[in-house]
Amino acid sequence: AVTAEGNVIGHNGHVDLGTGLRTAYAQIVAEELDVPLARVSMVLGDSDRTPNQGPTIASASIQTAAVPMRRAAAQARAYLVNAAATRWGVDAATLTVSDGQIRNPATGATLSYAELLEGRQVEMALDEDAPIKDPATYRIVGQSIPRVDIPAKVTGGDIYVHDVRLPGMLHARLIHP
């Protein structure tokens, strides 16, 4: 999702159990969309707002869930570049993207993702064949960056599923004979 302010919100069905998934997923989304990492936030494991992607299996979640998310971000980028090309009446291949801005080098004109989507909601089914970036061109993925989950861990602010306590909550245990 691209907000009116030009920030990006990624959605993934897995949760970060301390392995840095939130940071890694944000890097993947930022890379494919060509937006600064600081403008990407992730919604993880929220059953109302994320796809059911099966269980979180620590760091194996990268192998199982990163590719569809990468393709979705790449598909969104292609859609936005094509929308700009249509607006300007040019070939999409002539346009460049940097920091969430699409630029027409011939005229110097720019459009942000937020400007292209202004007042519209676009939903697409995932295209498994959406072209993704060549890893040789990566600027964000593969870089050592501070994990976004560390400050809350250090201050005790992180809430994990085993920390949740609800009014009237009961605990159960399966006992075998």
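Both backbone and side-chain heavy atoms feed into the values below; hydrogens, waters and symmetry mates do not. Count residues from 1 along the sequence.
Between the CD1 atom of I150 and the CZ atom of R22 there is a distance of 12.5 Å, given to the nearest 0.5 Å. In this structure, D99 CG and Q101 CD are separated by 8.0 Å, a value rounded to the nearest 0.5 Å. Remark: L44 CG to R49 CZ distance equals 10.0 Å, nearest 0.5 Å. Rounding to the nearest 0.5 Å places CZ of R39 at 8.0 Å from OG1 of T3. L95 CG to L80 CG: the interatomic distance, rounded to the nearest 0.5 Å, is 11.5 Å. S112 OG to E118 CD: the interatomic distance, rounded to the nearest 0.5 Å, is 8.5 Å.
Here the closest heavy-atom approach between residue A1 and residue H11 is recorded as CB-CE1, 4.3 Å. When all heavy atoms of Q143 and Q27 are compared, the closest pair comes out as O-NE2, 3.2 Å. Here the shortest heavy-atom pairing between A125 and Q75 reads O-NE2, 3.0 Å. Between A74 and P131 the shortest heavy-atom distance is CB-O, 3.3 Å. Shortest non-hydrogen contact noted between N12 and M42 is CB-CE, 4.2 Å. Summarising the geometry of W88 relative to I102, their closest heavy-atom pair is CH2-O, 3.5 Å, with the distance given to 0.1 Å.
The side-chain contact (heavy atoms from CB on, under 4.5 Å) with T23 is formed by just one residue from the set I28, L37, D149; it is D149.
Connection of I132 to I140 is not established within any shared hydrophobic cluster, with ILVMFWY side chains joined at heavy-atom distances below 4.5 Å, either directly or through further cluster members. When hydrophobic clusters are built by joining Ile, Leu, Val, Met, Phe, Trp and Tyr residues whose side-chain heavy atoms come closer than 4.5 Å, directly or via intermediates, Y138 is grouped together with Y25. Linking Ile, Leu, Val, Met, Phe, Trp and Tyr whenever their side-chain heavy atoms come within less than 4.5 Å puts V29 and V97 in one cluster. Using a 4.5 Å cut-off between side-chain heavy atoms of Ile, Leu, Val, Met, Phe, Trp and Tyr, with links allowed through other members, V148 and V154 fall into different hydrophobic clusters. At a threshold of 4.5 Å between side-chain heavy atoms, the hydrophobic network of Ile, Leu, Val, Met, Phe, Trp and Tyr places L116 and V90 in one connected group.
Side-chain contact between V35 and V40 is present, with heavy atoms from C-beta onward closer than 4.5 Å. In this structure the side chain of N7 never reaches within 4.5 angstrom of the side chain of S41, judged on heavy atoms.
Between R71 and D129 there is no salt bridge, since none of the side-chain N atoms of the basic residue sits less than 4.0 Å from a carboxylate O of the acidic one. A salt bridge is defined here as a Lys NZ or Arg NE, NH1 or NH2 lying under 4.0 Å from an Asp or Glu carboxylate O, and E32 with K133 fails to meet this definition.
Residues satisfying the salt bridge (charged side-chain N to carboxylate O under 4.0 Å, His left out) test with R87, not counting sequence neighbours, are none.
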